[in-house]
2 protein chains.
Amino acid sequence: MRKTKQKEAILGVLRSTISHPTADWIYNEVRKEIPNISLGTVYRNLRLLYQSGEIAELDMCGTLSRFDARQDEHYHFRCEKCSQVFDVDEPVNKEIDGRIALKTGFVVEYHRLEFRGVCRKCQDS
Amino acid sequence: MRKTKQKEAILGVLRSTISHPTADWIYNEVRKEIPNISLGTVYRNLRLLYQSGEIAELDMCGTLSRFDARQDEHYHFRCEKCSQVFDVDEPVNKEIDGRIALKTGFVVEYHRLEFRGVCRKCQDS
DNA sequence: TTAGGTGCAAAACCTTTGCCATCCC
DNA sequence: GGGATGGCAAAGGTTTTGCACCTAA
């Protein structure tokens, strides 16, 4: 991965904030420094930085919305190869929400736990 | 919420699968029964069913991708009012990944835990 | 020198919306 | 009847991509 001023500026913006900004927010910040940078470049660099492990990404939007008719709370496993989502039969830890509420002062209504890895089918192929 | 054959068909499809289908997959399934249903109707009904609590939705794509330069693993809290994402200072449970791997036969690389609720700022306003 | 990066604009993609006809209560 | 819902198509918003030019190594 080549070092460019665009990439450095993007990483600089990301490291200087504790918020978890969107691509568009980053774009607007970086433009203060490099006014003619393009949004495409921001996306390309975010992807490169993500792939090289320098940044983490939450809720990659390429992942489509998925729906589920199950009523009870349960956890999920998402295969990183085929993107399929499976239910996981693990008891839901309700106690942890209260602990986080105490710690943060936030109202914690529920949590979502998703495991990531490779499903059995994709291990074979 | 009014009862229509489109809504029933969508719910039927959702209840008959253990996969966690995308809107488009549901649309194609429902078309076998109601060939001229429109994708807009599928989305509208999924939203209605979601709001009434009859189905759950994973990764609502309205949520933009968000990026984070922190290197260490950590958990997040997402405010359901302002959509901001905060870091949570809770130790990461590494042992659970092995347990799920044993249980499922999947390769579990990591997990993501996100709490949901209302942040302090949004409680005041 | 040259593979990789940039800017720009267009395309792709998923989701929502406006409009009017239709259906359920 | 009248408000909720459906079908269609167009719009909306985010992300990706093609292409010609540039630049770091």
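As a basis for the values below, the full set of heavy atoms in this structure was taken, side chains included, without hydrogen atoms, waters or symmetry mates. Within every chain, numbering begins at 1; the chains are lettered A, B, ... in the order of the sequence lines, protein sequences first and strands thereafter.
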**Student:** Once you round it to whole Å, what is the distance between P of dC23(C) and CD1 of I34(B)?
**Tutor:**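 Rounding to the nearest Å, CD1 of I34(B) and P of dC23(C) are 13 Å apart.
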
**Student:** Rounding to a whole Å, what distance do you find between I10(B):CD1 and dT5(D):C1'?
**Tutor:**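 Distance, rounded to whole Å: 11 Å.
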
**Student:** Flag the pair K5(B) / I34(B) as yes when at least one side-chain heavy-atom distance between them is below 4.5 Å, and no otherwise.
**Tutor:**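 When only atoms from C-beta onward are counted, I34(B) and K5(B) do touch, with a gap below 4.5 Å.
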
**Student:** For DNA chain D, which residues in residues 11-23 of chain B have a heavy atom at a distance below 4.0 Å?
**Tutor:**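 Here the set is empty: none.
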
**Student:** With side chain to side chain contact (heavy atoms under 4.5 Å, CB included) as the criterion, how do V118(B) and E109(A) come out once you've worked through the C-alpha distance, each side chain's angles and the decisive distance to 0.1 Å?
**Tutor:** CA-CA 8 Å; V118(B) 185; E109(A) 277 152 8; 3.9 Å; yes

**Student:** Give a yes/no on whether any side-chain N or O of T4(B) is located under 4.0 angstrom from OP1 or OP2 of dC23(C).
**Tutor:**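 So the side-chain polar atoms of T4(B) never come under 4.0 Å of the phosphate oxygens OP1 or OP2 of dC23(C).
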
**Student:** To the nearest angstrom, how far is Y27(B) atom OH from dT16(C) atom P?
**Tutor:**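 These atoms are roughly 16 Å apart.
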
**Student:** Would you kindly say whether H74(B) and D68(B) are connected by a side-chain donor-acceptor distance under 3.5 Å?
**Tutor:**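 A donor-acceptor contact under 3.5 Å links the two side chains.
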
**Student:** Are any non-hydrogen side-chain atoms of I18(B) and D87(A) less than 4.5 angstrom apart?
**Tutor:**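 Side chain of I18(B) against side chain of D87(A), heavy atoms only: no contact under 4.5 Å found.
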
**Student:** Return the value, rounded to whole Å, for the distance between atom CD of E8(A) and atom P of dT6(C).
**Tutor:**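 The distance from CD of E8(A) to P of dT6(C) comes to 11 Å, rounded to the nearest Å.
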
**Student:** Under 4.0 Å, heavy atoms only, any strand: does I37(A) hit a base, just the sugar-phosphate, or nothing?
**Tutor:**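 Counting heavy atoms under 4.0 Å across all strands, the contact made by I37(A) is with sugar-phosphate only.
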
**Student:** Please determine if a side-chain N or O atom of S38(A) lies less than 4.0 Å away from the OP1 or OP2 oxygen of dC8(C).
**Tutor:**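 False: S38(A) side-chain N/O out of range (4.0 Å or more) of dC8(C) OP1/OP2.
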
**Student:** What is the distance, rounded to the nearest whole Å, between atom CZ of R2(A) and atom P of dA24(D)?
**Tutor:**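 Nearest whole value for this atom pair: 8 Å.
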
**Student:** CG of L49(A) versus P of dG5(C): gap in Å, rounded?
**Tutor:**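 My rounded result for the distance is 11 Å.
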
**Student:** Any side-chain N or O of K3(B) less than 4.0 Å from the OP1 or OP2 oxygen of dC24(C)?
**Tutor:**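 Indeed not, no polar side-chain atom of K3(B) lies that close.
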
**Student:** Measure from CG on L48(B) to P on dA4(D) and round the result to the nearest Å.
**Tutor:**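 After rounding, the reported distance stands at 11 Å.
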
**Student:** Taking 4.0 angstrom as the limit, do R78(B) and E114(B) come out as a salt bridge?
**Tutor:**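 The answer is yes: the pair qualifies as a salt bridge.
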
**Student:** For E80(A) and Y110(B), does a side-chain donor sit closer than 3.5 Å to a side-chain acceptor?
**Tutor:**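 There is such a pair (donor and acceptor under 3.5 Å, judged by atom type) between the side chains of E80(A) and Y110(B).
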
**Student:** Each nucleotide N or O in nucleotides 18-22 of chain C that has a protein N or O under 3.5 Å away: list the pair and distance.
**Tutor:**
| unit_1 | atom_1 | unit_2 | atom_2 | d |
| --- | --- | --- | --- | --- |
| dG18(C) | O6 | R44(B) | NH1 | 3.2 |

**Student:** Per the salt bridge (Lys or Arg N to Asp or Glu O under 4.0 Å) rule, what does the pair list look like for residues 30-44 of chain B, sequence neighbours excluded?
**Tutor:**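 Qualifying pairs, neighbours excluded: E29(B)-K32(B).
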
**Student:** Quick one: does C79(A)'s side chain get under 4.5 Å of F106(B)'s, heavy atoms only?
**Tutor:**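 A side-chain contact under 4.5 Å is absent here.
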
**Student:** If you only use heavy atoms from C-beta on, which nucleotide in dG4(C), dA4(D), dG6(D) is closest to the side chain of N45(B)?
**Tutor:**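 Of the candidates, dG6(D) comes closest.
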
**Student:** Side-chain contact, heavy-atom cut-off 4.5 Å: H111(A) with Y75(A)?
**Tutor:**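 H111(A) reaches Y75(A) side chain to side chain.
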
**Student:** What's the CZ-P distance between R66(B) and dT14(D), to the nearest Å?
**Tutor:**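 Computing the R66(B):CZ to dT14(D):P distance gives 11 Å.
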
**Student:** Q6(B) side chain N/O closer than 4.0 Å to the phosphate oxygens (OP1, OP2) of dG7(D)?
**Tutor:**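 For dG7(D), OP1 or OP2 has a side-chain N or O of Q6(B) closer than 4.0 Å.
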
**Student:** If only side-chain N and O atoms of N36(A) are considered, is one of them under 4.0 Å from the OP1 or OP2 phosphate oxygen of dT6(C)?
**Tutor:**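 No, N36(A) has no side-chain N/O under 4.0 Å of OP1/OP2 on dT6(C).
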
